[in-house]
Amino acid sequence: MSDLLPEAKREKRLGRAMAKAIDDFQMIAEGDRILVAVSGGKDSYTLHHLLASLAKRAPVSFSLLAVNIDQGHPGYPGHVLTEYMQKAGHDFRMVHEDTYSIVTDKIPEGKTYCSLCSRLRRGILYRLATELGCTKIALGHHRDDILVTLLLNLFFAGQLKAMPPKLVSDDGAHVVIRPLVYCAEEDIAAYAAEKAFPILPCDLCGSQDNLQRKIIGQLLANMEREHPGIRTSMLAALTNVRPSHLLDKGLWKKLGLEVAREETARGETDSGAGQLLALTRRPAAASR
Ligand code: SF4
């Protein structure tokens with residue numbers, strides 16, 4: 001491996017982490033046609049690139065359709081993405097749906113648009129998946145999105161939940177997958193920079209930043225600086241849940257628990273948390 005360039009090493013690490021998530025949660029099945037939501041940001045470019053590379057060598061046969069939604073933000077440079085996708089020969093659709101007018105009309109100035117905007121976008125993706133014959137929808141959320149969501153729910157919503165790696169829509173018609181759940185954002189950012197993906201600006205909507213999300217992201221970054229490996233451990237924790245050591249009586253009932261067992265020795269569970277720690281732990285700086 002030592003003759004591999006750092007970029008190739010990074011691609012391999014990201015690809016391995018993605019393949020593990022796909023395998024762990026049975027995200028892709030034979031014959032799937034996957035709508036990959038490509039926003040023009042680093043995460044979705046990386047997701048699409050890794051999936052396209054996996055499609056060439058995976059034991060199951062599946063195809064991709066990259067889709068970008070031009071939501072009508074003033075000055076949106078969608079042509080940059082269209083040109084890139086066409087040049088690379090990817091199956092790609094640019095879809096124009098003016099959600100910008102709707103959110104600016106409905107949400108008072110100064111409030112964040114994100115909640116309504118993303119709900120509208122999700123609805124459009126569901127409709128497109130049906131119209132375009134896609135069996136799954138792939139989103140580019142990564143490990144750090146998952147961890148920030150976990151803490152937001154813990155701190156502000158009184159819930160112990162992160163983001164599902166695989167989700168079925170309320171009406172049961174659509175399956176959403178998040179193949180990058182084990183991939184670290186810093187790896188994705190470095191990879192996207194190395195690949196020189198033509199990133200589209202993400203501030204054209206004029207929405208205020210989601211302050212809480214930003215604060216929690218910063219908190220995690222600070223903790224990681226002081227205690228390297230914290231995010232890796234948090235991710236592993238999500239794969240190694242001990243329901244009997246939580247206070248959810250509904251969960252106790254569902255699992256038929258009557259009393260918690262004392263944990264004298266900490267063994268591996270079949271969730272493979274140790275395996276995940278080994279896979280996602282950042283190796284020496286040489287590959288950065
Ligand atoms: S940042 Fe802008 S485009 Fe993204 S979800 Fe929020 S309002 Fe929508």
Side-chain angles (χ1 to χ4, degrees), residues 35-48 65-85 92-129 137-153 155-157 161-165 167 169-170 174 176-181 183 185-186 188-189 192-193 197-221:
L35 186 159
V36 185
V38 178
S39 66
K42 65 183 189 332
D43 309 331
S44 55
Y45 268 121
T46 299
L47 171 66
H48 183 257
L65 172 62
V67 170
N68 176 260
I69 305 172
D70 172 355
Q71 296 180 260
H73 301 142
Y76 185 67
H79 63 279
V80 174
L81 182 52
T82 304
E83 282 157 20
Y84 170 81
M85 287 290 179
F92 172 71
R93 300 285 165 90
M94 169 67 73
V95 179
H96 302 272
E97 293 275 352
D98 184 6
T99 61
Y100 180 71
S101 304
I102 301 173
V103 290
T104 47
D105 185 48
K106 296 253 184 277
I107 308 284
E109 242 188 271
K111 298 264 182 216
T112 177
Y113 301 150
C114 296
S115 166
L116 177 59
C117 176
S118 43
R119 256 185 296 136
L120 291 171
R121 191 168 49 222
R122 179 67 68 92
I124 295 166
L125 286 176
Y126 284 169
R127 198 199 72 224
L128 289 172
I137 298 170
L139 303 180
H141 296 111
H142 47 65
R143 178 197 71 177
D144 299 64
D145 291 322
I146 306 285
L147 298 182
V148 168
T149 304
L150 172 74
L151 291 186
L152 281 170
N153 282 324
F155 294 163
F156 303 110
K161 69 172 190 182
M163 274 180 182
L167 168 83
S169 59
D170 284 345
H174 302 283
V176 174
I177 57 174
R178 295 186 167 104
L180 299 185
V181 284
C183 296
E185 181 174 19
E186 64 176 354
I188 292 172
F197 293 136
I199 305 292
L200 303 192
C202 57
D203 53 0
L204 297 170
C205 59
S207 181
Q208 299 210 328
D209 281 337
N210 186 332
L211 201 57
Q212 279 181 333
R213 188 162 276 280
K214 235 177 149 181
I215 291 169
I216 297 296
Q218 198 52 54
L219 174 78
L220 273 178

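Counting convention: from 1, in listed order, for ligands and their atoms alike.
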Q. With sequence neighbours left out, what residues match Tyr76 under side chain to side chain donor-acceptor pair (under 3.5 Å)?
A. Asn68
**Q.** Partner residues of His174 under the side chain to side chain donor-acceptor pair (under 3.5 Å) criterion, sequence neighbours left out
**A.** Thr130
**Q.** Residues Glu185, Lys42: salt bridge by 4.0 Å N-O rule
**A.** yes
Q: Sort by chain and number the protein N/O/S atoms that are closer than 2.8 Å to atom 2 (Fe) of ligand 1, and list them.
A: Cys205 SG
**Q.** Closest protein heavy atom to atom 4 (Fe) of ligand 1, given as residue, atom name and distance to 0.1 Å
**A.** Arg121 NH1, 4.1 Å
Q.
Using 0.5 Å steps for rounding, measure from the CG atom of Asp70 to the OG1 atom of Thr99.
A. 9.0 Å
Q: For Pro164, enumerate each residue passing the side chain to side chain contact (heavy atoms under 4.5 Å, CB included) test, keeping only those at least two apart in sequence or located in another chain.
A: Leu167, Arg178
Q.
I need the single residue from Val176, Leu120, Val95, Leu35 that forms a side chain to side chain contact (heavy atoms under 4.5 Å, CB included) with Leu125. Which is it?
A. Leu35
